[in-house]
Protein chains: 2
Amino acid sequence: MKRANQERDDHNLSNLAANIAMGGKDGSSSLNSSRDRTNSPLNTHSSMTAAQSPTQPNPKPTEDVIYAELYNSILERRLPPETKLGENLLAEHYGVSRTIIRQVLQRLAHDRLVKLEPNRGAFVSSLSLEESKQIYEAWRLTEAAIVRDVTKTITRKQITALKKLVTEERQACEAQDIHRLTRLSAQFHMQLADLCQNKFLGRFLKELVPQTSLAFFYEVKSMPVCTKDEHSEILDYIASGNEEAAVAAAMRHLDGIEKALNARASLKKPTSLIDLLNARIPSIS
Amino acid sequence: MKRANQERDDHNLSNLAANIAMGGKDGSSSLNSSRDRTNSPLNTHSSMTAAQSPTQPNPKPTEDVIYAELYNSILERRLPPETKLGENLLAEHYGVSRTIIRQVLQRLAHDRLVKLEPNRGAFVSSLSLEESKQIYEAWRLTEAAIVRDVTKTITRKQITALKKLVTEERQACEAQDIHRLTRLSAQFHMQLADLCQNKFLGRFLKELVPQTSLAFFYEVKSMPVCTKDEHSEILDYIASGNEEAAVAAAMRHLDGIEKALNARASLKKPTSLIDLLNARIPSIS
DNA sequence: TGAACAGTAATTGTATACAACTTTTGTACA
DNA sequence: TGTACAAAAGTTGTATACAATTACTGTTCA
C-alpha cells in the first residue's frame, strides 16, 4: 500500500523545480534534507550549498517545511509565475498525502504567491506591470514608516544582524548566485520590518516584498540590481539615528528598484513550453 | 449513514452564536437561509431582519457561505474573542464535513480573525490594548493615502453608493441595532478602500478594519460611537474634491474612535463562564 | 484538411475512517 | 481534604477512498 520509508523520494528545491518544469515524469533524484523548524520561512537555508548530510534517512517533512520550501522557491524565482503546482506531483515528491499539500497551497494562496483556480488547480501567481507599480507605491509608504520607527528603537545586536545580512548579500553578488541574492535582498527588508514596533505594518511589508517576485516580465538571467551597497547606506543612517536621511535613502533605493523593473519590462512572458524550448538555443535563431 | 436532507440542521447566525455559547448541546433551531454568492463576505445580508423564506428546503451551504457567516459574526462581535470554534460543532451545525469547516477556519486564521492552536483547536482571536493602538496607527497611515487617492478618482455613482451606506448606518443607529451598526461602520471604510486604485493598500485596510472587533476589552452593550455623521462629513469633503480636508476629517474620525476605545479599556475580560454567569444578575450583587 | 463531438484519462473536491494528542474525569493514596 | 496518577472521552491531525469536474485524445463527418 504505502511506500516504504527507504524508497521514499527525497525533497530538495532544485530537484523539485526541475521536476515541475518537466512535468514530473522524472522520478529519480539525489538525497538531501533540511529540517529547520523556524516560524518564518525565510530563515531556512534551503538554497545553501547543496551537499550537506546524505546520511539522514529522510523522515517525512512537515507541512511547515514544505510551505517554507515552496515559499522560498517562488521568492527566489525558481518557480516562475504561472507554473502549475499539481497536487499529486507535490504529494508524491514530498511523500505526504494530498491533504498536506492542499493546506500548503492554501497558505501560499493566502500569501498571494499562489492562485487557486476552482477545479483547475494551483498556479504560481503573476503580476502585471501596473500591479507591480502599485506594490512599489504601497511599499514606499510602509517602508518610510518602518524606517522611521526602527531608527528610534534599533539596538546594537540588531544592527549587527543586519550587517551580517549585507555581508552575505555581497558574497552572493560576487558568486553570481542570483537566486540567493534575490532572497537575501528581500530578507533585508523583511528583517527590518520585523524590528518595527508596529506588528501590523511589519506584517504588511513582509507580505508585500515576496510578491515583487511575481512580476511576469523581468529578465531572470541578468543580474538584478546589486542592492547591497544601498542596503548598507540605509543601515548606516539608521544606526546613526538620522531618521530623515535613512528614510530618504530607503526611498531612493525603492525608486531605483522600480526603475530597473520598468527598464526590463520590455520583454514579455517567456513562460510557455515553446518559449522555454526556444530560449534553449538563442544563438541559432 | 448520512443525515437526510429534511432533518438537516438549518444554519443562521443567531442560532449559531447561541449554540456555541452554550457548548453546542442544544440541537433544535428554526429554519432560515441566506444564499448570497458574492465574493466579499460583507455584502451578505446575514444580519438583516430574521424571518425571510422558511419554505426553502435548505440545501447544503458552500464553503464561501459558511466563511461569510463566521466572518460577519466575528466582525459584528456576536462571537466574542477567545470563543472556541469546535470543528465538530460547526460541521454538524452546517451539515457539512469537517473538511469544509477546516478550510473555513484556515481562511479566517489567514484573516487573523481566528487563531489556530495546534492540537487544541480554533478560537476567535483577541487583541491587547497595545495591539489595538498599533492597528489604529497603521489604519491612519493607510486611510490617509486611500482618502487622497479616492478623492481624485471617485465617481458620482460611487458617491451615491456610499451615501446609501451612511443612511443605513443612521437607521441602524436609530434602531439601536448595535451589531448591524458595527458592521456597517466597518463596511464604510472597507468600501472606500475598494475604490482605491492601489489594490494592495485597499486590501491592507480591508484586512485591518475587521480586526478592530477583536479587542478583548470593549463594552459591547453600550452603543458604540455613532460614526454616521463623521462618515458623512468625510464623504462630503471627498465629493467636493477637497483632498486635505477629507484626510483631516478622516484622521479626526479615527482619533475619535481610538479615544473612545481607550476610555472603555478599563473593564477587563468578561469572557469566562463564571464572569458570564455573574453578569446575568448584576442587580443582585 | 479541419472542426465538432465523444470517450477516456487525469485532476481536483469532498467525505470519512483512523491515528495522535489533549483534556477531563475518576480513583487511590498521603 | 488535597494532590497525583490513570483511564476514558473528546478533539484535532492525517491519509485515503470516492465523486465531480476538467482536459485531453482520437474519431467521425462535413
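What you are looking at is a predicted structure, and each value in this text was computed from that prediction instead of being measured. Letters A, B, ... are given to chains in the order of the sequence lines, protein chains preceding strands, and every chain is numbered from 1.
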* Structure fact -> Residues passing the side chain to side chain donor-acceptor pair (under 3.5 Å) test with A/Arg112, sequence neighbours excluded, are none
* Among D/dA23, C/dA15, C/dT12, which is the nearest nucleotide to the side chain of B/Ser97? -> C/dA15
* Send over the distance from B/Ile100 CD1 to D/dA20 P, rounded to a whole Å. => 14 Å
* Asked: Does A/Asp194 pair with A/Arg203 as a salt bridge, N-O distance under 4.0 Å?
  -> no
* Where the side chain of A/Asn88 is concerned, which of C/dT11, D/dT11, D/dT14 is the nearest nucleotide? -> C/dT11
* Send over the distance from B/Glu117 CD to C/dC21 C1', rounded to a whole Å. => 14 Å
* To do: Please report, rounded to the nearest Å, how far the C1' atom of D/dA15 is from the CD atom of A/Glu92.
  => 14 Å
* **DNA chain D: 5'-proximal contact among B/Arg120 and A/Arg120 (nearest heavy atom)** => B/Arg120
* Nearest whole angstrom, please: distance from the C1' of D/dT14 to the CG of B/Leu116. => 16 Å
* **Given C/dT12, D/dT12, C/dA15, the nucleotide with the shortest approach to the side chain of A/Lys84** => C/dT12
* To do: Report yes or no: do A/Gln134 and A/Glu130 form a side-chain donor-acceptor pair below 3.5 Å?
  => yes
* Please give, in whole Å, the distance from C/dA10 P to A/Leu90 CG? -> 18 Å
* Asked: Closer to the 5' end of DNA chain D via nearest nucleotide, is it B/Gly121 or A/Arg98?
  -> B/Gly121
* To do: Measure the distance from CG on A/Leu89 to P on C/dT11 and round it to the nearest whole Å.
  => 9 Å
* To do: Would you mind reading off the distance between B/Glu87 atom CD and C/dT16 atom P, rounded to a whole angstrom?
  => 15 Å
* **Nearest listed nucleotide, side chain of B/Val96, among D/dT14, C/dT12, C/dA15** => C/dA15
* The side chain of A/Asn119 lies closest to which of these nucleotides: D/dT12, D/dT22, C/dT11? -> D/dT22
* **Aromatic plane relationship, A/His189 with A/Trp139 - under 30° parallel, 30 to 60° tilted, over 60° perpendicular** => perpendicular
* Using 4.0 Å as the upper bound for N to carboxylate O, is an ion pair formed by B/Glu76 and B/Arg180? -> no
